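All remarks here apply to the structure that follows.
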Amino acid sequence: MHVLKFGGTSVANATNISRVIDIVRSAAAKDRVILVSSAISGCTDKLIAIEKAAKEGKSFTEEIKFLKDKHFDIINRLFTGSEKKTAEDKCEEIFKEISTIPDGLEAYGELLSTNILAYKLSCEGEKTKWINSREIIIKGDIERTYANIRKVVDENADMRILVAPGFIASDTEGRITTLGRGGSDYSAALYAAGCSAGRLDIWTDVPGIMTTNPKDVSKAQTVPFMSYDAAWCLAEHGAKVLYPPTVEPAKNIGLDIHILNTFDPANPGTVIGTGKASSLWVGISLAKDTLCLVADDKFDRREAANMIENTLKRCSIDVMDISFDKGCVLVKVAEGLEKEALKALHKEFFQIDENNTRLLYIAGKGAVGTALRNMIDKTSENIKAASGK
Ligand code: ADP
Ligand code: ASP
Ligand code: MG
């Protein structure tokens with residue numbers, strides 16, 4: 001079984017959905033597939049706004065119209081003739097429910113996107129079935145969740161593709177709930193672990209986990225391999241590309257997580273698994289006011305702290321606090337300077353400089369490390385001249 005999860009931007013419009021269909025169909029040519037999808041981008045935020053407006057007794061007709069237009073535009077572009085009518089009828093039914101402001105409204109976006117995907121795959125001739133994650137994923141009861149997943153997979157052995165909404169679940173009392181914002185990644189990991197899948201892919205809008213958020217630093221690079229722990233650390237401290245709870249179910253069964261780009265499917269992206277990154281430092285993330293520099297091996301805390309302090313001092317950024325947590329260094333800087341500090345630290349730890357020389361970090365002070373440092377000290381004038389620092 002191959003589990004593939006697609007995020008909001010991957011299903012944002014008909015063009016993107018067509019890419020998703022291509023990726024899923026080529027996976028289904030090789031193995032049975034569970035396709036997990038998020039709501040189309042922006043939909044969950046709108047549903048939350050509708051819920052809020054309803055609670056406050058305000059009008060929400062504009063928001064519903066906005067969502068309807070978006071979904072019907074997708075249907076209009078993906079389907080023709082009687083197939084279009086069937087897809088419209090299905091979405092119309094879901095929108096009728098949405099207008100009644102049902103419990104768990106925020107998760108209805110996933111019902112819309114996955115119904116469109118499942119129907120499109122059927123129309124393409126794939127043996128496809130939509131499955132109800134609300135009845136399958138029981139938040140707070142992993143054993144029941146896994147038993148439900150095994151059952152639905154076994155009972156539908158004649159189906160090549162099962163399509164499951166991400167994010168949505170039930171609590172142990174049977175009430176509708178969600179797995180938290182960004183939770184579709186976790187839905188996919190649960191499906192994968194529950195059916196002992198051979199492969200788990202998280203398809204998104206970037207080419208894997210990168211050394212930092214490429215929206216903050218354009219020179220961020222994809223990290224080809226990293227351990228489960230390093231990925232968890234980056235995610236937990238702000239790397240939105242992966243929802244942190246996703247790691248555990250995969251780690252428990254030793255299943256690699258592939259982070260891939262829907263818009264560049266040939267790019268190998270990142271493999272999170274039992275292997276380690278090829279360099280000591282794997283990335284830096286930022287959550288609120290804390291920078292988190294993550295290593296994929298043991299490192300010398302004092303050396304790391306010195307390197308961080310010196311880098312930030314050169315940029316006149318005051319370091320308020322440096323602390324350590326398992327494989328990462330947590331750094332707090334003066335308020336408002338977080339992004340500047342992120343850029344400076346990324347440059348120091350991850351960027352190849354203009355002379356195309358690698359930045360060097362010595363993790364230990366054994367015989368080899370000491371000899372190397374002596375050599376560097378002896379040639380420091382030459383190094384300064386070459387680097388211009
Ligand atoms: P999806 O909708 O596919 O779940 P998300 O928006 O949740 O996608 O996550 C992808 C986004 O995560 C990227 O567009 C990127 O801006 C952000 N991001 C933050 N940190 C990183 C990182 N270290 N590597 C890659 N992307 C990151
Ligand atoms: N649609 C949900 C959200 O926006 C879940 C997800 O995309 O993973 O948070
Ligand atoms: Mg996400």
Side-chain angles (χ1 to χ4, degrees), residues 4-13 16-17 19-20 23 36-49 51 67 104-114 133 137 139 164-169 177-191 201-224 226 230-247 257-264 267 269-270 272 277 281-287 291-294 328 339 342 345-346 349-350:
L4 302 93
K5 177 263 170 177
F6 292 86
T9 30
S10 301
V11 292
N13 54 49
N16 297 2
I17 289 180
R19 290 175 181 277
V20 170
I23 294 167
V36 178
S37 180
S38 294
I40 68 170
S41 72
C43 181
T44 310
D45 287 341
K46 271 277 183 289
L47 289 170
I48 291 169
E51 217 165 27
L67 285 182
L105 174 62
E106 64 182 311
Y108 273 60
E110 273 71 8
L111 303 185
L112 289 162
S113 63
T114 50
S133 299
I137 310 286
K139 194 173 170 177
F167 190 44
I168 196 166
T177 186
T178 74
L179 300 177
R181 293 307 303 269
S184 297
D185 296 345
Y186 184 41
S187 310
L190 290 172
Y191 274 108
D201 296 347
I202 306 285
W203 291 83
T204 183
D205 58 1
V206 281
I209 300 192
M210 308 178 78
T211 45
T212 195
N213 188 345
K215 287 182 185 127
D216 292 330
V217 180
S218 61
K219 288 193 174 164
Q221 299 146 33
T222 298
V223 184
M226 70 174 75
W232 181 85
C233 250
L234 279 172
E236 177 66 13
H237 293 99
K240 190 180 170 235
V241 62
L242 186 70
Y243 185 53
T246 310
V247 174
I257 308 172
H258 297 257
I259 311 291
L260 295 159
N261 187 353
T262 307
F263 308 99
D264 182 14
N267 190 318
T270 300
I272 303 166
W281 298 103
V282 285
I284 180 165
S285 51
L286 172 63
L291 291 143
C292 177
L293 185 65
V294 177
C328 63
K339 287 272 168 85
L342 175 75
L345 291 175
H346 186 271
F349 282 81
F350 301 103

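The first residue of the sequence shown is numbered 1, and numbering continues consecutively from there. In each ligand, atom 1 is the first atom listed, and ligand 1 is the first ligand listed. Being a predicted model, the structure only gives us computed values, none of them experimental.
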Please work out, at 4.0 Å between heavy atoms, whether the side chain, the backbone, both, or neither of [X] comes within that distance of ligand 1.
X	result
Thr212	backbone
Ser285	neither
Val206	side chain

Looking only at distances, can you tell me whether any N or O atom of [X], backbone or side chain, sits closer than 3.5 Å to an N or O atom of ligand 1?
X	result
Lys215	yes
Gly238	no
Thr204	yes
Val241	yes
Ser38	no

Next on the checklist: With heavy-atom distances below 4.5 Å as the criterion, would you say the side chains of Val206 and Pro214 are in contact?
Outcome noted: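 In short, these two side chains touch, coming nearer than 4.5 Å.
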Checklist entry - Any side-chain heavy atom of Ser38 within less than 4.5 Å of one from Glu110? => result yes
Measure from the side-chain N and O atoms of [X] to the backbone N and O of [Y], and report whether any donor-acceptor pair falls under 3.5 Å.
X	Y	result
Thr212	Ile284	yes
Tyr191	Ala164	no
Asn213	Lys215	yes
Thr204	Gly7	no
His346	Leu342	no
Asp216	Lys339	no
Ser187	Phe167	yes
Ser133	Ile168	no

Next on the checklist: Which label fits Trp281 and Phe349: parallel for a plane angle under 30°, tilted from 30 to 60°, or perpendicular past 60°?
Outcome noted: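 Ring orientation of Trp281 relative to Phe349: perpendicular.
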Checklist entry - Would you say Ser41 contacts ligand 1, with heavy atoms under 4.0 Å as the rule? => result no
Next on the checklist: For Pro214, state whether at least one heavy atom is located under 4.0 Å from any atom of ligand 1.
Outcome noted: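 Yes, Pro214 has a heavy atom closer than 4.0 Å to ligand 1.
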Next on the checklist: What protein heavy atom lies closest to atom 7 (O) of ligand 2? Include the residue and the distance to one decimal.
Outcome noted: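 Protein heavy atom at minimum distance: Ser38 OG, 3.0 Å.
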Checklist entry - What protein heavy atom sits nearest atom 2 (O) of ligand 1, and how far away is it? => result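 The closest one turns out to be Gly8 N, 3.1 Å.
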Below 4.0 angstrom from a heavy atom of [X], which ligand 1 atoms are there? Numbered from 1 as shown, please.
X	value
Met210	22 (C), 23 (N), 24 (N), 25 (C)
Asp205	10 (C), 11 (C), 13 (C), 14 (O)
Lys5	4 (O)
Gly208	24 (N), 25 (C)
Lys240	5 (P), 6 (O), 7 (O), 9 (O), 12 (O), 19 (C), 20 (N)

Next on the checklist: For atom 3 (C) of ligand 2, tell me which residue out of Lys5, Glu106, Arg181, Glu110 has the closest non-hydrogen atom.
Outcome noted: Arg181
Next on the checklist: Distance under 4.0 Å to a non-hydrogen atom of Gly183: what atoms of ligand 2 satisfy this?
Outcome noted: 5 (C), 8 (O)
Checklist entry - Can a non-hydrogen atom of Gly182 be found less than 4.0 Å from any atom of ligand 2? => result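 Yes.
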Next on the checklist: Does the residue Gly166 have a heavy-atom contact with ligand 2, meaning some pair of atoms that are separated by less than 4.0 Å?
Outcome noted: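 Outside the 4.0 Å threshold, so no.
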Next on the checklist: Does Val11 form a side-chain contact (heavy atoms from CB on, under 4.5 Å) with Asn16? I'd like the steps, not just the answer.
Outcome noted: CA-CA 5 Å; Val11 292; Asn16 297 2; over 6 Å; no
Checklist entry - Is it true that Asp185 and Lys240 have a side-chain N and a carboxylate O under 4.0 angstrom from each other? => result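 No, no charged N to carboxylate O under 4.0 Å.
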